[in-house]
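As C-alpha cells, the structure follows; a few thoughts come after it.
Owing to the predicted nature of the structure, the values given are computational and were not obtained by experimental measurement. In what follows, chains carry the letters A, B, and so on, assigned in the order in which the sequence lines appear, proteins first and then strands, with residues in each chain numbered from 1.
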2 protein chains.
Amino acid sequence: MSRNTKQKTIVLEALHKLNHPTALEVYEYSKQVCPQISLGTVYRILGNFALDEKILHIKIANNPDHYDYQTHGHYHFSCKKCLNVYDIDIPYMENLNKPHKECFIEDHSILFNGLCADCYQKEGK
Amino acid sequence: MSRNTKQKTIVLEALHKLNHPTALEVYEYSKQVCPQISLGTVYRILGNFALDEKILHIKIANNPDHYDYQTHGHYHFSCKKCLNVYDIDIPYMENLNKPHKECFIEDHSILFNGLCADCYQKEGK
DNA sequence: ACCTTATTGATAATAATTACTAATAAGAAT
DNA sequence: ATTCTTATTAGTAATTATTATCAATAAGGT
C-alpha cells in the first residue's frame with residue numbers, strides 16, 4: 001500500500017502554494033524544506049499523483065509540463081511571453097464530450113494563448 | 001529570400017499524405033524519396049513552416065509533437081492508445097477568443113482525448 | 001558559367017523526462 | 001519498542017525529443 005512521505009507532502013504543498021508550477025519549480029520549492037530531495041523524486045511523485053488523478057498534468061507547446069492540484073473540469077491560459085499558466089474562468093463545456101463519429105471522447109482540454117496582463121503591459125503595445 | 005528545395009517539397013508532401021504526422025514520421029516518409037535527408041533538416045523545415053504559419057504545430061501530452069498542413073481554426077482528437085491525431089469536426093468557436101479579464105487571448109486550441117474507433121474495438125470493451 | 005548566400009547533412013549539444021539500483025524509512029507485525 | 005517487509009527515495013545513468021553548430025552544397029539571381 002501507498003506510504004506517506006515528507007516528499008509527497010511537500011510536493012503537494014508546492015502545488016498549492018505555486019501557480020501551476022513546472023516540475024522544476026516544484027523541485028526548487030521542495031528543496032527549501034527538504035534539501036536532499038531529488039528532481040527524479042519530484043517527477044515520480046508528480047507522475048504517480050497524475051496517474052491516480054489526484055493532480056492534473058498540463059502539457060503546452062514550447063513550454064515544459066505544468067501541474068495543477070485542481071482536477072475538476074476547467075481551462076487554462078498560457079502566456080506566450082512569460083510561459084506562466086493561469087486558470088481561466090470559462091465554464092466547462094460538458095456537452096463537448098458527447099460521443100462523436102468514430103471517436104470515443106472521454107475528455108477535452110482547452111488551452112488559451114496570448115499575453116497575460118503583465119507581459120502585455122511590458123510589451124508596450 | 002527563401003529558396004525552393006526538394007527537401008521542403010517532400011516535407012510538405014509528407015504532411016499532405018500522412019495524417020498529422022510526427023517529425024519522425026515525416027522523416028521516415030521523406031527518406032524514401034530523398035534518402036540523404038537528415039532528421040535535423042526535417043525539424044528545421046517543420047519549425048520554419050510553423051513560424052511562417054504555413055503549417056500547424058500540435059503539442060500533446062505523452063505524445064511527440066505532430067504537424068498539420070491545415071492552419072485554419074479546427075480542433076483535434078488524440079487517441080490515448082495509438083497516439084494518432086485526427087481532425088474533429090466541431091466548428092471553431094471564434095467567440096471564445098474575446099478579451100478575458102486579465103488575459104489578452106489571441107487564440108485557443110481544443111484537444112479531445114479518448115480512444116479512436118480502431119483502438120476502442122481492440123480494447124474489447 | 002559565376003557568385004552569393006540560403007539551405008543542407010552530419011554531428012554535437014541541450015532540455016525534459018524516465019529508468020535503474022542500492023540505500024533508506026514507512027508502518028504493519030511481532 | 002523492535003523487527004521485518006517492501007514502498008520509496010537519492011543519485012546517477014540513459015533515453016527521448018528537439019535545437020544548435022558549421023563546413024559543404026546548391027538555389028537561383030546576375
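In this structure the side chain of B:D65 never reaches within 4.5 angstrom of the side chain of B:L46, judged on heavy atoms. Residues A:P64 and A:L24 have side chains not in contact (no heavy-atom distance under 4.5 Å, counting atoms from C-beta outward). A 4.5 Å side-chain heavy-atom check between B:K98 and B:I105 finds every atom pair outside the cut-off. Using a 4.5 Å heavy-atom cutoff, the side chains of B:D68 and B:D87 are in contact.
Judged by distance alone, the side chains of A:N84 and A:H66 never bring a donor and an acceptor atom under 3.5 Å apart. Side-chain contact check for B:Y92 and B:N97: at least one donor-acceptor pair (N or O, by modelled atom type) lies under 3.5 Å.
In this structure, B:K8 contributes its side chain and B:R3 its backbone to a donor-acceptor pair below 3.5 Å. Panel note: side chain B:T41, backbone B:I37; no donor-acceptor pair is recorded below 3.5 Å.
Regarding A:K31, its NZ atom lies at a distance of 16 Å from the C1' atom of D:dT9, rounded to whole Å. Here the C1' atom of nucleotide C:dT7 and the CG atom of B:L12 are 16 Å apart, to the nearest Å. The separation between A:L39 atom CG and D:dA10 atom P is 11 Å, rounded to whole Å. One can place OH of B:Y27 at 14 Å from C1' of D:dT18, the figure rounded to the nearest angstrom. Between the NZ atom of A:K59 and the C1' atom of C:dA15 there is a distance of 12 Å, given to the nearest Å. Nucleotide C:dT18 holds its P atom 14 Å from the CG atom of A:L24, rounded to whole Å. Protein atom CD1 of A:I10 is 13 Å distant from nucleotide atom P of D:dT9, rounded to whole Å. Distance CG (A:N63) to C1' (D:dT18): 15 Å, rounded to an integer number of Å.
Considering only side-chain atoms of B:K8, the nucleotide from C:dT8, C:dT17, D:dT18 that sits closest is C:dT8. Out of C:dG9, D:dT9, C:dT18, the shortest distance to the side chain of A:I45 is found at D:dT9. Comparing D:dT18, C:dG9, C:dT8 by their closest approach to the side chain of B:Q36 singles out C:dG9.
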Protein proximity profile, nucleotides 21-30 of chain C - base contact B, sugar-phosphate-only contact S, no contact -, cut-off 4.0 Å on heavy atoms: ----BBS---
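With respect to B:Y69, the ring-ring contact (aromatic ring centres under 6.0 Å, His included) criterion is satisfied by exactly one of B:H57, B:H74, B:H20, B:H16: B:H16.
B:I37 comes within 4.0 angstrom of sugar-phosphate atoms only, judged by non-hydrogen atoms across all strands, and of no base.
Of the side-chain N and O atoms in B:S38, none sit less than 4.0 angstrom from OP1 or OP2 of C:dA10. Note on A:R44: every side-chain N or O is 4.0 Å or more away from OP1 and OP2 of D:dT8. OP1 or OP2 of C:dT18 has not a single side-chain nitrogen or oxygen of A:Y43 nearer than 4.0 Å.
Remark on the helix from C:dA1-D:dT30 to C:dT30-D:dA1: inter-end axis angle 30°, axes from five-pair C1' superpositions, rounded to 10°.
Aromatic pair A:Y86/B:H100: ring centres not closer than 6.0 Å.
Position along DNA chain D of the nearest nucleotide to A:N48 versus B:D65 favours A:N48 as the more 5'-ward residue.
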